[in-house]
Amino acid sequence: MSAVLPPVRTGPPRLLEGERLVRREDGEDLHALLWRAGPGWRMVSSAVLGGGVGDRAWVLNAQVAHGYRRTDPARHLAGLARAAGADGPGVGLMTAADVTRPGRAADGGVEAVVTAGVSVRGWAASPAPGAVGTPAPGTINTVVAVPVALTDAALVNAVLTATEAKVQALVESGYDCSGTPTDAVCVAARVPGPGAGAHAFAGPRSEWGARLARAVHHAVHSALPRLPRPPARPA
């Protein structure tokens with residue numbers, strides 16, 4: 001994949017400052033966002049590549065074609081990461097949504113980047129039977145960076161907080177849903193330094209959880225496609 005360097009910025013550096021990549025695949029120009037976090041990060045993710053909890057050095061959010069049919073998404077993502085020169089273990093997410101204009105927000109040192117497509121959406125609790133096999137690519141992908149260390153339990157708590165904030169933004173934006181069937185999330189926190197502890201809580205009323213919730217809430221709001229306004233009623 002070829003890289004498009006981010007523009008020069010005069011403000012404070014972003015934790016989630018990434019590269020925009022582009023490749024030709026399935027007859028389309030497809031984009032991806034790559035954050036080279038480097039060493040010193042511990043992440044929790046639901047991603048198909050690098051999911052779970054562990055030390056991770058990068059996060060790739062790759063756009064794929066609508067109607068994606070490959071049955072080896074983890075292998076596909078690993079190949080894209082290698083082609084981009086990403087070293088070490090990392091997290092790979094997929095989406096059919098446009099990733100060139102992600103929603104971004106920061107709050108008190110926490111940063112969130114969200115890509116969102118909501119053409120297929122609904123409520124989590126549904127009478128429909130669950131599908132068997134590899135699901136389609138995720139459509140609302142949330143990546144969050146927290147500049148402090150969190151315990152494993154707090155990392156899981158942070159995923160819950162991020163999800164609650166996502167649903168809040170969806171409902172406030174007029175979407176009658178809790179998300180899409182294949183949303184994915186990644187929360188990155190610092191590895192504790194020698195002799196240093198880690199924060200044990202990341203719920204929405206904890207110090208860092210509150211900041212995370214606000215950052216994700218604003219990022220989802222800015223990433224969501226605008227719904228058409230209902231026609232005005234005659235006076």
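In this structure, Pro181 and Val120 approach most closely via the heavy-atom pair CD-O, 3.6 Å. Considering every non-hydrogen atom in both Thr161 and Ala202, the closest pair reads OG1-O, 2.7 Å. Taking each heavy atom of Met94 and Pro73 in turn, the nearest pair found is CE-O, 3.7 Å. Summarising the geometry of Gly103 relative to Ser222, their closest heavy-atom pair is CA-OG, 3.1 Å, with the distance given to 0.1 Å. Between Glu111 and Ala106, the closest heavy-atom pair is CG-CB, 3.9 Å. Heavy atoms only, all atoms of each residue included: Gly117 and Thr180 are closest at O-CG2, 3.6 Å.
Residue Leu93 holds its CG atom at 7.0 Å from OG of Ser46, rounded to the nearest 0.5 Å. Rounding to the nearest 0.5 Å places CD of Glu164 at 12.0 Å from OG of Ser178. Residue Arg104 holds its CZ atom at 16.0 Å from NE2 of His218, rounded to the nearest 0.5 Å. Here CG of Asp87 is found 10.0 Å from CH2 of Trp58. Values are rounded to the nearest 0.5 Å. Atom-to-atom distance recorded for Asp29:CG and His31:NE2 is 6.5 Å, nearest 0.5 angstrom. Remark: Arg75 CZ to Leu77 CG distance equals 13.0 Å, nearest 0.5 Å.
Cluster annotation: Leu155 and Val148 are assigned to the same hydrophobic cluster (Ile/Leu/Val/Met/Phe/Trp/Tyr, side-chain heavy-atom contacts under 4.5 Å, transitive). Put simply, Val159 and Val53 are part of the same group of oily side chains (I, L, V, M, F, W, Y) that touch within less than 4.5 Å, one to the next. Connection of Val167 to Val216 is not established within any shared hydrophobic cluster, with ILVMFWY side chains joined at heavy-atom distances below 4.5 Å, either directly or through further cluster members.
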Report the C-alpha separation of Asp183 and Thr139 in whole Å, then their side-chain angles, then the decisive distance to 0.1 Å, and conclude whether the side-chain contact (heavy atoms from CB on, under 4.5 Å) test is met. CA-CA 6 Å; Asp183 292 349; Thr139 46; 3.7 Å; yes
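Between the Ser45 side chain and the Val185 main chain, a donor and an acceptor come within less than 3.5 Å of each other. Judged by distance alone, with hydrogens and angles left aside, the side-chain atoms of Thr115 form no donor-acceptor pair with the main-chain N or O of Val99 at under 3.5 Å. Not a single donor-acceptor pair under 3.5 Å links the side chain of Arg56 to the backbone N or O of Val91. With hydrogens and angles ignored, the 3.5 Å screen pairs a side-chain donor or acceptor of Arg24 with a backbone N or O of Gly27. In this structure, Trp208 contributes its side chain and Ala149 its backbone to no donor-acceptor pair below 3.5 Å. Looking only at distances, a side-chain donor or acceptor of Asn157 sits under 3.5 Å from a matching main-chain atom of Gly203.
Between Glu28 and Gln63, the closest side-chain pair of non-hydrogen atoms is not below 4.5 Å. Proximity of Val146 to Leu212: side-chain heavy atoms (C-beta onward) are separated by under 4.5 Å at one or more points. Residues Leu60 and Leu21 form a side-chain contact, since some pair of their non-hydrogen atoms from C-beta on lies under 4.5 Å apart. Between Ser173 and His221 there is a side-chain heavy-atom pair separated by less than 4.5 Å. For the pair Leu33/Arg20, a side-chain contact is recorded, criterion being any heavy-atom separation below 4.5 Å from C-beta on. The shortest distance between side-chain heavy atoms of Arg42 and Leu150 does not fall below 4.5 Å. Under the 4.5 Å side-chain criterion, counting only non-hydrogen atoms from C-beta, Arg190 is in contact with Leu15. Between Glu25 and Leu80 the shortest side-chain heavy-atom distance falls below 4.5 Å.
Ring planes of Tyr68 and His76: parallel class, angle under 30° (limits at 30 and 60°).
Pro225 is linked by a side chain to side chain contact (heavy atoms under 4.5 Å, CB included) to Val118, Tyr175, counting only residues two or more places apart in sequence or in another chain. Every side chain to side chain contact (heavy atoms under 4.5 Å, CB included) that Asp176 has, sequence neighbours left out, goes to Trp123.
No more than 12 heavy-atom neighbours from other residues, nucleotides or ligands sit within 6.0 angstrom of CZ on Arg69.
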